[in-house]
Amino acid sequence: MCEMSAVPEQDLIEQWTSEQASLKQRLVEGDTEEWQRAPDFKGLERVGGVDLSYIKGDDINACAQLVVLSFPELELLYEDSQMVTLAAPYVAGFLAFRETPCLLEALQRLERTQPSLMPQVVFVDGNGLFHYREFGVACHLGVLSGLPCVGVAKSLLQVQGIIRSEEHLSQIRELKKGGDSFPLKATSGRVLAQALRSSDKSTKPLYVSVGHRFSLDTAVRLTHVCCRYRVPEPIRQADVRSREYLRTHFPSADTCG
DNA sequence: GCGACAG
DNA sequence: ATCTTGTCGC
């Protein structure tokens with residue numbers, strides 16, 4: 001009797017799981033671009049970053065942000081802020097179904113209006129292969145956009161036997177300077193990500209993983225050189241600007257009537 | 001049963 | 001994600 005009323009939630013999860021498996025077949029691991037192998041990433045001129053900022057008590061309205069910075073200067077070349085209505089809820093392991101649609105639209109707007117500014121790589125706030133089914137939001141956006149993508153998570157997703165253990169905390173303490181990192185291995189032995197100390201000052205590491213068309217080593221090196229502060233500049237700028245957009249367009253839309 | 005759970 | 005000021009340190 002209870003099965004027939006199985007919350008639509010369950011059907012959706014199964015559908016999403018299947019879609020991830022399907023898209024994963026199109027995922028390209030490993031470097032595909034000349035600049036990824038070149039010393040100092042010669043040939044790389046534009047790096048993109050995406051992020052969404054939310055309004056406090058609101059689950060569906062958000063500001064989707066895309067920024068493109070010059071490389072290696074990391075100066076702003078393009079920015080796009082767009083209010084969006086999110087169709088899917090946030091479910092751990094399925095972040096892409098909530099955030100990817102509007103981010104793809106942002107990339108399409110850029111393609112249509114300023115194609116010469118299309119980024120050669122996109123930094124995504126969240127994981128790539130470091131995911132329950134090895135297909136996080138950075139892989140999802142990468143496959144659907146076709147662009148090389150890097151996943152950068154600010155906190156540890158405990159998955160595939162990787163946990164926030166004493167051993168893990170100990171390894172973090174061994175990261176002495178910016179650029180130091182250690183691998184995160186799944187129970188299978190496969191390296192899914194690299195914990196990276198992004199600068200000399202930051203103690204809390206970033207978790208870098210392959211999104212699309214990248215080797216993990218290249219993703220980590222590029223992330224490191226894009227960090228002025230803890231979070232790589234493309235993502236940080238997208239975060240700062242989308243939140244600034246909400247602040248000016250929806251001044252305290254809650255408290256003071 | 002309990003805990004975890006990117007953004 | 002968001003709620004939130006000051007504060008300690010270079």
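So you know, we letter chains A, B, ... as the sequences are listed, proteins then strands, and number each from 1. Below, all heavy atoms of this structure are taken into account, side chains as well, without hydrogens, waters or symmetry copies.
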Practice problem: With rounding to the nearest 0.5 Å, note down the distance linking NZ in A/Lys42 to CG in A/Leu44. | Solution: 11.5 Å
Exercise. Sugar-phosphate atoms are those with a prime plus P, OP1 and OP2; base atoms are the rest. Using that split, label each nucleotide of nucleotides 1-7 of chain B B, S or - for protein heavy atoms under 4.0 Å, 5' to 3'.
Key: ---SSBB
Quiz item: List DNA chain C stems (3 or more consecutive Watson-Crick/G-U pairs, under 3.5 Å)?
Solution: none
Quiz prompt | Residue pair A/Val124, A/Val152: steps toward the side-chain contact (heavy atoms from CB on, under 4.5 Å) verdict | solution = CA-CA 6 Å; A/Val124 183; A/Val152 179; over 6 Å; no
Quiz prompt | Criterion side-chain hydrogen bond (donor to acceptor under 3.5 Å, both in side chains) against A/Ser181, the qualifying member of A/His224, A/Arg221, A/Gln194 | solution = A/Gln194
Quiz item: Between A/Cys149 and A/Phe214, is any pair of side-chain heavy atoms under 4.5 Å apart?
Solution: no
Quiz item: Any luck finding a side-chain donor-acceptor pair between A/Gln65 and A/Ser81 under 3.5 Å?
Solution: yes
Exercise. Could you tell me whether A/Arg236 and A/Asp51 make a salt bridge, using a distance below 4.0 angstrom between a side-chain N and a carboxylate O?
Key: no
Quiz prompt | ILVMFWY cluster, A/Leu216 and A/Val225 together (side-chain gap under 4.5 Å) | solution = yes
Exercise. Go through residues 170-198 of chain A and report each residue with a non-hydrogen atom lying under 4.0 Å from DNA chain B, sorted by number.
Key: none
Practice problem: Verify the neighbour count for atom CD of A/Gln158: are there more than 12 heavy atoms of other residues, nucleotides or ligands below 6.0 Å? | Solution: yes
Quiz item: When you check the gap from the basic side-chain N to the acidic O, do A/Arg197 and A/Glu174 get nearer than 4.0 Å?
Solution: no
Quiz prompt | Short N-O contact, A/Glu29 and A/Arg213, less than 4.0 angstrom | solution = no
